Amino acid sequence: MKTKIIKTNTVSALVLIATLTLSIMSCQKSDLASNPLNNYGSEAKIATPVVPAIIAVPDGNKVIWHAYATGTQIYKVTQSTTDPNVYLWSFVAPLATLYSDADYTIQVGLHYVGPTWQATTGKKSGEYVVGTKLTSIVQDVTAVPWLLLQAVPSSDPNYYTQVTYIQRLYTVGGLAPTTGNDAAHLGVQDSIPYTAEYYFYGAK
C-alpha cells in the first residue's frame, strides 16, 4: 500500500512540474510577442527579405525587428509653388499601428509623422526611431512604393540606437487621391488606407 502511495505522489509531482513548465514557457512566448525588440542581443534571427538592389541595405547590417503595419497615408490639397493655378495632393504623414503578426492581433508599436516608429509594449515601450528616405521603387502601381530609409542619429535616451536602416516592403494601397485637388478643396486632408511590412536593421 505504501508503494502505491509513493507512486501516486510521484506522478502528481511530475504533473505539477510539467504544468509549471508549460506555464513558464507560455509567459516567455507572450513576452517575446509583446516586446518588439527582444531580438536585440539574442540568437533569434529574422530572414532578410529579397528586394531589388536599389533598396537593399548595405553589407554589415542584419534584420533585428520586423513588424506588420495597417493604417493610413495622409494627404492634403496644397497650391503649387511654381504655378498658383495648380493644386496638388501633398503627402503629410503616415498613421499606422504596428503588429508582430500578419493577422494584426498583437500590437507592438505605432508609426507616425517623421517618419517615426515607436514601441508601445514590452521593456522598450516608448522608445522610437526616425528615418530619412534614401531610395524607393514602385513594385505595384496601385500601392505606395517600397522604401529604403536610414535611421537619423540621436542622443535621446529613448531612441532606438541599435537601428541603422528601415525598409518599407509589400505595400498595399496608400496612394494619393486622383480627384479633388482644386481651389475649392485647398487645405482639405484625406486618409488613404494602406498596409505594409517594415524591416529594421542593426549593425552586425
Side-chain angles (χ1 to χ4, degrees), residues 33 36 46-58 61-120 128-152 160 163-201:
I46 303 172
T48 302
V50 177
V51 300
I54 192 172
I55 59 167
V57 171
N61 296 275
K62 65 179 179 180
V63 180
I64 55 176
W65 182 32
H66 169 225
Y68 298 86
T70 179
T72 61
Q73 297 281 307
I74 304 171
Y75 298 90
K76 180 180 180 179
V77 177
T78 60
Q79 195 170 24
S80 171
T81 57
T82 58
D83 186 345
N85 296 312
V86 175
Y87 295 85
L88 312 167
W89 281 106
S90 299
F91 178 68
V92 176
L95 184 59
T97 303
L98 304 177
Y99 296 86
S100 64
D101 64 308
D103 294 325
Y104 308 118
T105 59
I106 305 174
Q107 181 179 339
V108 293
L110 297 173
H111 178 39
Y112 51 90
V113 65
T116 303
W117 296 263
Q118 181 176 2
T120 56
Y128 69 96
V129 64
V130 177
T132 181
K133 177 184 171 183
L134 296 180
T135 57
S136 66
I137 185 170
V138 174
Q139 292 291 90
D140 179 352
V141 294
T142 68
V144 288
W146 292 13
L147 301 178
L148 172 64
L149 307 100
Q150 186 169 22
V152 177
Y160 282 165
V163 177
T164 53
Y165 293 91
I166 305 105
Q167 288 173 329
R168 180 178 76 184
L169 307 177
Y170 314 122
T171 53
V172 176
L175 289 177
T178 56
T179 60
N181 49 319
D182 51 44
H185 293 88
L186 182 62
V188 170
Q189 289 191 357
D190 200 357
S191 299
I192 309 302
Y194 91 109
T195 60
E197 294 181 38
Y198 290 97
Y199 285 80
F200 300 81
Y201 292 74

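Quantities reported herein were computed from a predicted structural model and do not represent experimental measurements.
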Visitor: How close do Ile74 and Ser191 get, counting heavy atoms only, and between which atoms?
Guide: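 Taking every non-hydrogen atom into account, CG1-OG, 3.7 Å.
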Visitor: Counting distance only, does the side-chain N/O of Thr171 pair as donor-acceptor with the main-chain N or O of Trp146 below 3.5 Å?
Guide: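 Checked: no pair found.
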Visitor: In Å and rounded to the nearest 0.5 Å, what is the CG to OH distance from Asn61 to Tyr199?
Guide: 16.0 Å
Visitor: Using modelled atom types only, decide if a donor and an acceptor are shared between the side chain of Thr135 and the backbone of Ile54 within a distance under 3.5 Å.
Guide: yes
Visitor: Nearest heavy-atom pair of Ala119 and Tyr160: which atoms, and what distance?
Guide: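 Of all heavy-atom pairs spanning Ala119 and Tyr160, the closest is CB-OH, 2.6 Å.
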Visitor: Can any side-chain N or O of His66 pair as donor or acceptor with the backbone N or O of Tyr198 at less than 3.5 Å?
Guide: no
Visitor: If you round to the nearest 0.5 Å, how far is OG1 of Thr120 from CD of Gln118?
Guide: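 Between Gln118 CD and Thr120 OG1, I get 8.0 Å after rounding to 0.5 Å.
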Visitor: Identify the heavy atoms of Ser136 and Leu147 that sit nearest to each other, and give their distance.
Guide: CB-CD2, 3.4 Å
Visitor: Indicate yes or no: at least one non-hydrogen side-chain atom of Tyr68 is less than 4.5 angstrom from one of Thr195.
Guide: no
Visitor: Please report the interatomic distance CH2(Trp117) to OH(Tyr112), rounded to the nearest 0.5 Å.
Guide: 11.0 Å
Visitor: Can you see which heavy atom on Tyr170 is nearest to which on Pro49, and at what distance?
Guide: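 Where Tyr170 meets Pro49 most closely, the heavy atoms are OH-CB, 3.6 Å.
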Visitor: Measure across Gly180 and Val77 and return the closest heavy-atom pair with its distance rounded to 0.1 Å.
Guide: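 So the two residues come closest at O-CG2, 3.7 Å.
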Visitor: What's the spacing between Phe200 CZ and Ile166 CD1 if we round to 0.5 Å?
Guide: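 Reported value, rounded in 0.5 Å steps: 6.0 Å.
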Visitor: Atom OG1 of Thr116 and atom NE2 of His111: how far apart are they, to the nearest 0.5 Å?
Guide: 8.0 Å
Visitor: Looking only at heavy atoms, what is the nearest atom pair of Arg168 and Ala196, with distance?
Guide: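 Here Arg168 and Ala196 meet closest at CG-CB, 3.9 Å.
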Visitor: Just wondering, do Leu175 and Val144 contact through their side chains at under 4.5 Å, heavy atoms?
Guide: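 In short, these two side chains touch, coming nearer than 4.5 Å.
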Visitor: With the side chain counted from C-beta on, respond yes when Val108 and Trp65 share a heavy-atom pair under 4.5 Å apart, and no when they do not.
Guide: yes
Visitor: Report the residues that fulfil ring pair (Phe, Tyr, Trp, His ring centres under 6.0 Å) with Tyr99, sequence neighbours left out, ordered by chain and then residue number.
Guide: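 Tyr99 satisfies ring pair (Phe, Tyr, Trp, His ring centres under 6.0 Å) with Tyr104 only.
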Visitor: Once rounded to the nearest 0.5 Å, what's the spacing between atom CD of Gln139 and atom CD1 of Ile55?
Guide: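 Separation between the atoms: 6.5 Å.
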Visitor: Donor-acceptor pairs under 3.5 Å, side chain of residues 86-97 to any protein atom, not counting sequence neighbours: which ones?
Guide:
{"residue": "Tyr87", "atom": "OH", "partner": "Gln79", "partner atom": "NE2", "Å": "3.4"}
{"residue": "Trp89", "atom": "NE1", "partner": "Thr179", "partner atom": "O", "Å": "2.9"}
{"residue": "Ser90", "atom": "OG", "partner": "Thr78", "partner atom": "OG1", "Å": "2.6"}

Visitor: Does Tyr194 have any ring pair (Phe, Tyr, Trp, His ring centres under 6.0 Å) partners at least two apart in sequence or in another chain, and if so, which?
Guide: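 So Tyr194 forms no ring pair (Phe, Tyr, Trp, His ring centres under 6.0 Å) with any residue.
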